[in-house]
J.: 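Here it is, the structure, as structure tokens.
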Amino acid sequence: MAAAGIGSRSLRNIAEAAGTSHRMLLHYFGSRDELLTAVVEEVERRQLDRLSALPDDPIEAARAMWAGLRAPGLRSSERLFFECYARAAQ
């Protein structure tokens, strides 16, 4: 989901990309919306883990945070988080 976004992807599309069945997704998450909620919670958990690892010095913490925000590997998760957030706000 981080690589391709959510868009209008169905549970079947998501399951296929994840190498499982839509029934398994329904079993574990209950619905597409609950799956998206779990995705947002996981992205948020990863962000909080990064925050807790920041240095105690405020200047060094700001530098480390900025470096982390600019990391190319984080872009797909950030995009996914805001896509989910925008959908929830609707």
Side-chain angles (χ1 to χ4, degrees):
M1 293 177 87
I6 298 166
S8 60
R9 296 174 74 190
S10 68
L11 269 180
R12 289 181 193 275
N13 297 128
I14 295 168
E16 183 179 330
T20 189
S21 72
H22 74 284
R23 290 177 188 236
M24 290 306 295
L25 294 180
L26 287 173
H27 172 74
Y28 284 107
F29 299 102
S31 70
R32 182 178 184 270
D33 287 342
E34 289 179 44
L35 170 62
L36 298 180
T37 299
V39 168
V40 169
E41 288 172 351
E42 177 61 18
V43 171
E44 183 178 39
R45 185 194 62 75
R46 291 178 186 185
Q47 289 173 334
L48 290 173
D49 287 347
R50 286 186 183 103
L51 286 176
S52 67
L54 291 175
D56 291 331
D57 177 58
I59 293 172
E60 291 303 315
R63 286 182 180 143
M65 187 182 300
W66 181 247
L69 289 172
R70 292 178 47 228
L74 188 61
R75 290 185 185 133
S76 61
S77 292
E78 291 295 327
R79 184 182 64 238
L80 179 61
F81 179 83
F82 285 109
E83 184 180 359
C84 289
Y85 183 82
R87 287 179 176 275
Q90 290 178 346

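Only this structure's heavy atoms are used, side chains among them; waters, hydrogens and symmetry mates stay out.
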J.: Quick one: does Arg32's side chain get under 4.5 Å of Leu25's, heavy atoms only?
T.: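 Answer no - side chains too far apart.
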J.: Check whether more than 12 heavy atoms from other residues, nucleotides or ligands sit under 6.0 Å from atom CZ of Arg70, and answer yes or no.
T.: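 No, not enclosed.
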J.: Within the supplied structure, the quantity of interest is the number of heavy atoms (other residues, nucleotides, ligands) at a distance under 6.0 Å from Ile59 CD1; does it exceed 12?
T.: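 Not buried by this count: 12 neighbours or fewer within 6.0 Å.
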J.: If you measure from CZ on Phe29 to CE on Met24, what distance do you get to the nearest 0.5 Å?
T.: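 The distance works out to 10.0 Å.
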J.: Could you tell me the separation between the CG atom of Leu35 and the CG atom of Leu26, rounded to the nearest 0.5 Å?
T.: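 Between Leu35 CG and Leu26 CG, I get 9.5 Å after rounding to 0.5 Å.
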J.: Quick one about Ser10 and Asn13 (side-chain donor to acceptor, distance below 3.5 Å, no hydrogens or angles considered), yes or no?
T.: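 Yes, a side-chain donor-acceptor pair sits under 3.5 Å.
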J.: For atom CZ of Arg79, decide whether the heavy atoms of other residues, nucleotides or ligands shown that lie under 6.0 angstrom number more than 12.
T.: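 Enclosed: over 12 neighbouring heavy atoms sit under 6.0 Å from CZ of Arg79.
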J.: I need the Ser21 OG to Arg12 CZ distance, nearest 0.5 Å.
T.: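 Going from OG on Ser21 over to CZ on Arg12, the span is 9.0 Å.
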J.: Restricting to non-hydrogen atoms, name the atom on Asp57 and the atom on Glu60 that form the minimum distance, rounded to 0.1 Å.
T.: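 Closest heavy-atom pair between Asp57 and Glu60: OD2-N, 3.0 Å.
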J.: Should Glu42 and Arg46 count as an ion pair when the cut-off is N to O under 4.0 Å?
T.: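 Between Arg46 and Glu42 there is a salt bridge, with a charged N closer than 4.0 Å to a carboxylate O.
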J.: Drop me the distance from Leu51's CG to Glu44's CD, to the nearest 0.5 angstrom.
T.: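 One finds 10.0 Å between CG of Leu51 and CD of Glu44.
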J.: Where do Pro55 and Ala61 come nearest, in terms of heavy atoms and distance?
T.: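 Where Pro55 meets Ala61 most closely, the heavy atoms are O-CB, 3.4 Å.
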J.: What closest approach, in Å, do Ser31 and Leu11 show between heavy atoms, and which atom pair accounts for it?
T.: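 Smallest interatomic distance, heavy atoms only, reads C-CD1, 4.4 Å.
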J.: What's the shortest heavy-atom distance between Ala17 and Arg9, and which atoms?
T.: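 Heavy atoms of Ala17 and Arg9 come nearest at CB-NH2, 3.3 Å.
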